[in-house]
Amino acid sequence: MPLTKEFFARSVHNVAKELIGATFLVDGVGGTIVELEAYHHEDPAAHGYRGRTERNASMFGPPGHAYVYRSYGIHWCVNFVCEAEGVADAVLIRALEPTHGLDEMRRRRGLDDERLLCAGPGRLCQALAITREHDGLPLDRTPFRLEQRSEEAQVVRGPRVGISRAAELPWRYGLAGSRYLSRPLRPA
DNA sequence: CACAGGATATACT
DNA sequence: GTATATCCTGTGA
């Protein structure tokens, strides 16, 4: 079952929990979502916390769309907008288990190790060729494909990665036992 | 383990 | 205007 706009028009935590195990493809290349982080508009670590800017404009758009931004001047990171238009809640996609288009991902990443193809927000954007071109695009249309997970997933929660503000909130979600996480997830 | 790389935002002077 | 921090990764100690 493809994920609809209604799926994303809910609390960012419900969306986060249920996205673990979903399939995420761009032009047929991608895999299973095994790690993500929730960013709520009242959360000081969220890009939308201080209001709209040129960079984060698509966070304030309708749910079910992509928010792509450049991180540390080098990498791209992709978020899925949740909740409602104007609210600026989103989930940051942090890691995939590669299942589709492995050779294409290896070529783009310039490396063989399957475990490192999509284990990190910048890495997975490179593997899936996600750039600013994708910012603001709807997730239920080409080039994206998002499929709901077919079985229950064992989801674990822990503190988020790489932030200083609100670092104590356990808003990082992962698939228990996955070897494709960007780093180990210690339950909080 | 440390640190370069360098866009974007915010907090200063 | 300048300075500092950031939702990170690759490389080299």
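Treat the numbers as computed from the prediction; the structure is a model and nothing was measured. In what follows, chains carry the letters A, B, and so on, assigned in the order in which the sequence lines appear, proteins first and then strands, with residues in each chain numbered from 1.
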Inset, instruction - Nearest whole angstrom, please: distance from the P of C:dC7 to the CD of A:Glu35. - result: 15 Å
Legend entry - Whether over 12 other heavy atoms sit under 6.0 Å from A:Gln154 CD: no
Legend entry - Euclidean distance for C1', B:dC1 against C:dC7 (whole angstrom): 23 Å
Legend entry - Any donor-acceptor pair under 3.5 Å from A:Arg108 side chain to A:Ala127 backbone: yes
Inset, instruction - Measure the acute angle between the ring planes of A:His13 and A:His40, then classify it against the limits of 30° and 60° as parallel, tilted or perpendicular. - result: parallel
Legend entry - For DNA chain C, the residues among residues 114-124 of chain A that have a non-hydrogen atom under 4.0 Å from it: A:Gly120, A:Pro121, A:Gly122, A:Arg123
Inset, instruction - Apply the side chain to side chain contact (heavy atoms under 4.5 Å, CB included) test between A:Val156 and each candidate in A:Leu181, A:Ile20, A:Leu175, A:Leu185; give the one that qualifies. - result: A:Leu185
Inset, instruction - Taking atom CZ of A:Arg123 as the centre, report whether more than 12 heavy atoms of other residues, nucleotides or ligands fall under 6.0 Å from it. - result: yes
Inset, instruction - Check A:Asn14, A:Asp89, A:Leu19 against A:Phe8 for a side chain to side chain contact (heavy atoms under 4.5 Å, CB included) and give me the one that passes. - result: A:Leu19
Inset, instruction - Could you pick out which residue, A:Gln126 or A:Asn79, lies toward the 5' side of DNA chain C when each is mapped onto its nearest nucleotide? - result: A:Asn79
Legend entry - Heavy atoms of other groups near A:Phe60 CZ, more than 12 under 6.0 Å: yes
Legend entry - G-U wobble or Watson-Crick pairing nucleotide for B:dC1 (cut-off 3.5 Å, both distances): C:dG12
Inset, instruction - Find the partner of B:dA7: check Watson-Crick (N1-N3 plus N6-O4 or O6-N4) and G-U wobble (N1-O2, O6-N3) distances, both under 3.5 Å, and reply none if neither fits. - result: C:dT6
Inset, instruction - Determine, for nucleotides 7-13 of chain B in 5'-to-3' order, which nucleotides have protein heavy atoms under 4.0 Å from the base (write B), from only the sugar-phosphate (write S), or from neither (write -). - result: BSSS---
Legend entry - Option from A:Leu128, A:Leu25, A:Val26, A:Leu3 for which side chain to side chain contact (heavy atoms under 4.5 Å, CB included) with A:Phe144 holds: A:Val26
Inset, instruction - Quick one: label A:Arg109 by what it contacts on the DNA or RNA (base, sugar-phosphate, nothing), any heavy atom closer than 4.0 Å. - result: sugar-phosphate
Inset, instruction - Give the rounded distance in Å between these two atoms: CZ of A:Arg165 and C1' of C:dC7. - result: 10 Å
Inset, instruction - Please report, rounded to the nearest Å, how far the P atom of C:dC8 is from the CG atom of A:Leu181. - result: 15 Å
Legend entry - Taking every non-hydrogen atom, the tightest pair across A:Cys125 and A:Val78: SG-N, 3.6 Å
Inset, instruction - Would you mind reading off the distance between A:Glu168 atom CD and C:dC7 atom C1', rounded to a whole angstrom? - result: 15 Å
